[in-house]
Amino acid sequence: MPELIEVEVYRRLADRAVGRRIDAVEAPDDWFLKGGLTPNVVEGALTGATITGTDRIGKLLLVHLDGDRPELGLRFGMTGRLALDGEAPITDLEYGSKRDLPEWDRFALVLDGGARLRMADPRRLGGVELDPPVEALGPDAWTITLAQLRTALGTSTAPLKARLLDQSKIAGLGNLLVDETLWRAGLDPARPTRSLADAEVKALARRIRSTVTALFDRGGSHTGDLQAARHRESTCPRDGAPLQRRTIGGRTTYSCPVHQR
DNA sequence: ATTGTGGCCTGCCCGC
DNA sequence: TGCGGGCAGGCCACAA
């Protein structure tokens with residue numbers, strides 16, 4: 001699920017753990033530890049630390065710790081979830097509709113007071129890292145400025161969609177958010193990036209921000225107007241034209257050949 | 001350097 | 001009911 005919207009929800013959840021001390025670390029899955037990290041190292045680095053804050057850059061969740069501790073970076077891949085168990089009266093807002101098997105827990109922090117902040121990820125495409133390379137990420141999509149977007153787009157000849165998915169240029173947009181944004185903006189995802197006129201770039205900057213805000217308010221990346229039409233032989237919710245289904249930027253792409261030009 | 005492709009890993013859904 | 005194939009919202013290594 002997670003694109004920047006979902007990760008922001010996770011961040012707010014993790015924020016409830018600020019001020020707590022980490023009594024123990026559970027890292028049962030070596031594969032989930034990235035950057036050469038091992039269970040021993042991560043346990044040693046985190047045990048006894050106090051959580052002082054959280055941050056999010058694109059889809060990367062950062063957990064700040066006190067003292068000289070490293071920063072904890074959490075990535076959720078396509079199927080990762082975050083849960084905070086055992087802190088009454090919290091509701092398990094992030095899971096419930098789908099299954100949540102204990103063997104899918106890949107990483108957890110046991111906090112003083114008994115709460116447990118855990119990552120569940122059936123597909124194991126997410127991961128945990130210490131001091132993740134945040135400088136490798138572009139500006140966050142939610143608050144991207146026109147100047148930042150201009151820089152991000154540059155003079156690239158890549159398809160517009162591929163550029164918007166490039167986390168080193170703009171951080172946070174995933175497949176669904178990009179399709180929804182371009183559908184709302186009336187831009188063809190296959191357009192060479194540098195073919196955009198200045199007015200189109202300006203409109204796109206606003207559209208990125210407004211789309212993220214709108215879908216966040218609705219409750220997720222999957223709540224877009226285009227979402228219901230993301231299947232074969234569907235029609236555009238705006239003008240009724242048959243939707244186009246293509247692979248762009250390596251991802252399944254739905255767009256309207258009539259109003260997205 | 002930029003762009004495109006394949007693969008990672010596993011669950012789920014659809015059609016037979 | 002069982003099984004195989006295709007698909008999945010992310011990301012990284014690698015090739016051209």
Side-chain angles (χ1 to χ4, degrees), chain A residues 1-10 28-37 56-61 73-82 94-95 97-107 119-129 132-134 136-138 140-141 151-183 189-195 211-212 215-216 218-234 245-255:
Chain A
M1 306 193 139
E3 300 188 34
L4 119 178
I5 288 173
E6 285 71 26
V7 178
E8 175 61 19
V9 173
Y10 296 162
D29 185 354
D30 283 15
W31 166 264
F32 215 65
L33 303 178
K34 306 300 180 182
L37 196 57
R56 180 191 57 76
I57 306 175
K59 305 169 191 170
L60 174 66
L61 176 56
L74 308 179
R75 296 179 195 275
F76 296 90
M78 295 205 301
T79 53
R81 296 170 174 217
L82 190 69
E94 277 318 300
Y95 61 97
S97 62
K98 296 194 174 178
R99 295 195 299 157
D100 182 23
L101 305 183
E103 60 263 38
W104 292 346
D105 287 354
R106 310 299 180 188
F107 186 79
M119 287 179 80
D121 184 1
R123 271 181 76 184
R124 303 166 81 208
L125 289 167
V128 171
E129 196 172 0
V134 296
L137 293 171
D140 190 74
T151 300
L153 298 181
T155 57
S156 170
T157 59
L160 177 57
K161 172 167 178 175
R163 195 69 169 187
L164 294 177
L165 285 171
D166 185 339
Q167 303 297 301
S168 72
K169 301 298 188 294
I170 306 177
L173 301 180
N175 200 32
L176 293 184
L177 274 176
V178 168
D179 273 11
E180 176 76 13
T181 298
L182 294 179
W183 180 83
R191 281 263 300 273
T193 298
R194 70 175 176 194
S195 75
T211 301
V212 174
L215 271 54
F216 181 85
R218 288 188 195 176
S221 303
H222 60 286
T223 60
D225 296 334
L226 182 63
Q227 178 65 22
R230 289 188 67 88
H231 58 84
R232 287 184 174 79
E233 309 188 13
S234 60
R245 181 186 192 271
R246 294 173 285 180
T247 297
I248 300 174
R251 321 302 304 280
T252 300
T253 301
Y254 287 88
S255 64

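Both backbone and side-chain heavy atoms feed into the values below; hydrogens, waters and symmetry mates do not. Lettering follows sequence order; numbering is per chain, from 1.
Considering only side-chain N and O atoms, A/Thr79 lies nowhere under 4.0 angstrom from the phosphate OP1 or OP2 of C/dG9. Residue A/Arg124 has a polar side-chain atom (N or O) positioned under 4.0 Å from OP1 or OP2 of B/dT10. Regarding contacts with the backbone of B/dT3, a side-chain N or O of A/Ser156 is found under 4.0 angstrom from either OP1 or OP2. For A/Arg123, no side-chain nitrogen or oxygen approaches OP1 or OP2 of B/dC12 to under 4.0 Å.
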Represent DNA chain B in dot-bracket notation, 5' to 3'. Only Watson-Crick or G-U wobble pairs with both distances under 3.5 Å count; pseudoknot-style crossings use [ ] and interstrand partners use |. .|||||||.|||||||

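In this structure, of B/dG11, C/dG10, B/dC8, it is C/dG10 that holds the atom nearest to the side chain of A/Glu3. Nearest to the side-chain atoms of A/Thr252 among the listed nucleotides B/dG11, B/dG4, C/dA8 stands C/dA8.
With P as the reference atom, B/dG6 and C/dG6 are 15 Å apart, rounded to whole Å. Spacing between B/dC9 and C/dC14 at atom P, rounded to whole Å, works out to 15 Å.
At the heavy-atom level, A/Pro192 lies nowhere under 4.0 Å from the strands shown. Heavy atoms of A/Arg106 sit nowhere under 4.0 angstrom from any nucleic acid atom.
Between the side chains of A/Arg246 and A/Ser255, at least one donor N or O lies within less than 3.5 Å of an accepting N or O. Under 3.5 Å, the side chains of A/Arg230 and A/Tyr254 contain no donor-acceptor pair of N or O atoms.
Remark: of the listed residues A/Glu129, A/Met119, A/Lys59, A/Glu129 is the sole one forming a side chain to side chain contact (heavy atoms under 4.5 Å, CB included) with A/Arg75.
Legend: residues meeting side-chain hydrogen bond (donor to acceptor under 3.5 Å, both in side chains) with A/Gln227, ordered by chain and number and at least two apart, are absent.
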